[in-house]
Protein chains: 2
Amino acid sequence: MDSLPETGTARRDSTAAILAAAERVFARGGFDGARMNEIATEAGLPKANLHYYFGTKERLYRAVLEAILTQWLDAAAEWIVPGRHPAEALTGYVQAKLDHARLRPEASRIFAAELLRGAPLVMPFLAGEQRRRVQDMSLVFAHWATQGLMDHLPPAHVFFCIWAMTQTYADFDVQIRAVLAQDALDGQTFADAAATVTALVLKGCGVRAAD
Amino acid sequence: MDSLPETGTARRDSTAAILAAAERVFARGGFDGARMNEIATEAGLPKANLHYYFGTKERLYRAVLEAILTQWLDAAAEWIVPGRHPAEALTGYVQAKLDHARLRPEASRIFAAELLRGAPLVMPFLAGEQRRRVQDMSLVFAHWATQGLMDHLPPAHVFFCIWAMTQTYADFDVQIRAVLAQDALDGQTFADAAATVTALVLKGCGVRAAD
DNA sequence: GTCTATATAGCGATAGAC
DNA sequence: GTCTATCGCTATATAGAC
């Protein structure tokens with residue numbers, strides 16, 4: 001039995017529509033820039049329904065953030081395992097992060113805006129789950145380095161750099177579009193991005209090509 | 001003769017205090033998150049004075065942005081000139097960008113928040129001055145590449161990556177602090193960052209050591 | 001459960017005394 | 001030029017009809 005009433009598909013449809021609309025609107029203006037009215041219009045529902053389902057604007061924002069974090073967690077980290085060759089692992093990791101930037105830019109921007117605000121809501125995630133994952137992946141890096149498969153660089157900083165390089169194509173795409181004079185980031189641009197980031201990471205970490 | 005009355009140092013002191021306070025407050029919450037009241041309190045002045053000097057919140061925000069862009073322009077691009085060896089040039093460029101992230105994190109965050117919002121105000125700068133600078137620096141990269149001093153990578157994307165890697169230490173420092181379990185990013189952390197980013201860029205671009 | 005109409009608060013902006 | 005007091009609007013949130 002759920003804590004919330006579950007009377008059929010109406011609730012699921014409405015909440016899903018609200019969450020999808022909220023993600024788009026929060027991505028455009030952040031928490032403070034978003035208007036409940038705008039979310040309601042975009043979801044095709046009266047504003048009062050948002051409050052009926054989620055109570056307050058902050059709880060709706062939390063729900064959006066949690067959905068983002070949940071689906072984010074499964075994404076790329078599984079590439080970094082000791083059994084794999086670092087060339088293959090890092091190529092897959094970078095590609096998975098770039099795919100996320102291309103396919104779910106709103107999610108990336110909401111997360112970026114939350115960090116810019118000082119991460120009042122996702123701090124527990126950062127200091128917990130994410131910190132642990134970086135520690136785990138750092139052990140794999142150390143393993144590869146002692147085997148002579150890659151250089152000794154501070155693993156955490158390598159991840160900070162990979163996150164930054166890949167997420168910039170979602171978070172700051174307006175800058176990239178302006179510099180490249182493009183209306184939208186197309187497949188060719190993301191292919192160039194993948195080639196560049198992969199080259200910087202693989203050659204930068206001294207990874208020799210996989211056999 | 002100025003368009004604004006200049007009766008002495010009172011105006012200059014007040015406007016300077018307001019701009020400094022505004023930069024801090026806008027850096028914390030972005031345009032929408034900032035409160036004129038908060039800026040006034042932090043500047044030690046009544047709120048009405050902000051409107052007396054700057055008219056509206058948006059014009060105060062524009063003034064902060066312009067100050068940031070002005071001092072940003074002179075910063076790092078002068079490293080990328082054909083006469084220099086790419087090893088020295090890229091090392092200096094990365095270091096200059098990291099110094100900016102360490103010394104003026106609020107400026108970096110305000111710019112990041114502006115990009116996240118779709119760059120309504122700095123779009124002319126992006127499509128004009130910044131695009132031209134990237135084109136100029138790209139020519140230098142092409143020059144170095146034809147001389148065999150570095151690999152052929154898409155120059156614009158290399159800059160996107162360098163910007164991302166260096167600015168992440170200002171914009172998303174809360175994430176880095178959480179993962180590293182540090183209260184504040186200290187000199188050692190920035191030294192590790194410099195070593196990592198420089199390694200990724202130099203080795204990633206296939207730059208051989210300068211003679 | 002769903003919607004219309006409204007209450008309440010907070011913010012940007014201003015009037016007007018000094 | 002500087003400040004206090006206040007206006008008017010907008011946005012979140014809710015009351016209550018259906």
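Throughout, a chain's letter reflects where its sequence line sits, starting with A, and its residues are numbered from 1.
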Closest listed nucleotide, where the reference is the side chain of [X] and the choices are [options]:
X	options	answer
Asn49(A)	dT12(D), dC3(C), dG12(C)	dC3(C)
Lys57(B)	dT2(C), dG12(C), dA13(D)	dG12(C)
Met36(A)	dA13(C), dG1(D), dT12(D)	dT12(D)
Arg35(A)	dA13(C), dT12(D), dC3(C)	dT12(D)
Pro46(B)	dC3(D), dA15(D), dT2(C)	dC3(D)
Ala48(B)	dA11(D), dT2(D), dA15(C)	dA15(C)

Nearest whole Å is fine: how far is [N] [atom2] from [X] [atom1]?
X	N	atom1	atom2	result
Lys47(B)	dA15(C)	NZ	C1'	13 Å
Asn37(B)	dA5(D)	CG	P	14 Å
Leu50(A)	dT2(C)	CG	C1'	13 Å
His51(B)	dT4(D)	NE2	P	16 Å
Arg12(B)	dG1(D)	CZ	P	12 Å
Ile18(B)	dG12(C)	CD1	P	14 Å
Asp32(A)	dT10(D)	CG	C1'	15 Å
Tyr61(A)	dA13(D)	OH	C1'	20 Å

Short side-chain N/O contact from Tyr52(A) to OP1 or OP2 of dG1(C), under 4.0 Å: yes
dT2(D) phosphate, OP1 or OP2, under 4.0 Å from Tyr53(B) side-chain N/O: yes
Partner of Ser14(A) under side-chain contact (heavy atoms from CB on, under 4.5 Å), chosen from Leu19(A), Leu45(A), Asn49(A), Leu50(A):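 The passing option is Leu45(A).
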Sugar-phosphate, base or nothing in reach of Ala34(B), heavy atoms under 4.0 Å: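 Answer is sugar-phosphate: Ala34(B) comes under 4.0 Å of backbone atoms only.
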Parallel, tilted or perpendicular, as decided by the 30° and 60° cut-offs, for the rings of Trp144(A) and Phe141(A): tilted
Residues that Glu129(A) engages under side chain to side chain donor-acceptor pair (under 3.5 Å), provided they are two or more places apart: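 With neighbours one apart ignored, the set is Arg132(A), Arg133(A).
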Centroid-centroid distance, His157(B) to Phe190(A), less than 6.0 Å: no
Side-chain (Lys57(A)) to main-chain (Ala34(A)) donor-acceptor, under 3.5 angstrom: yes
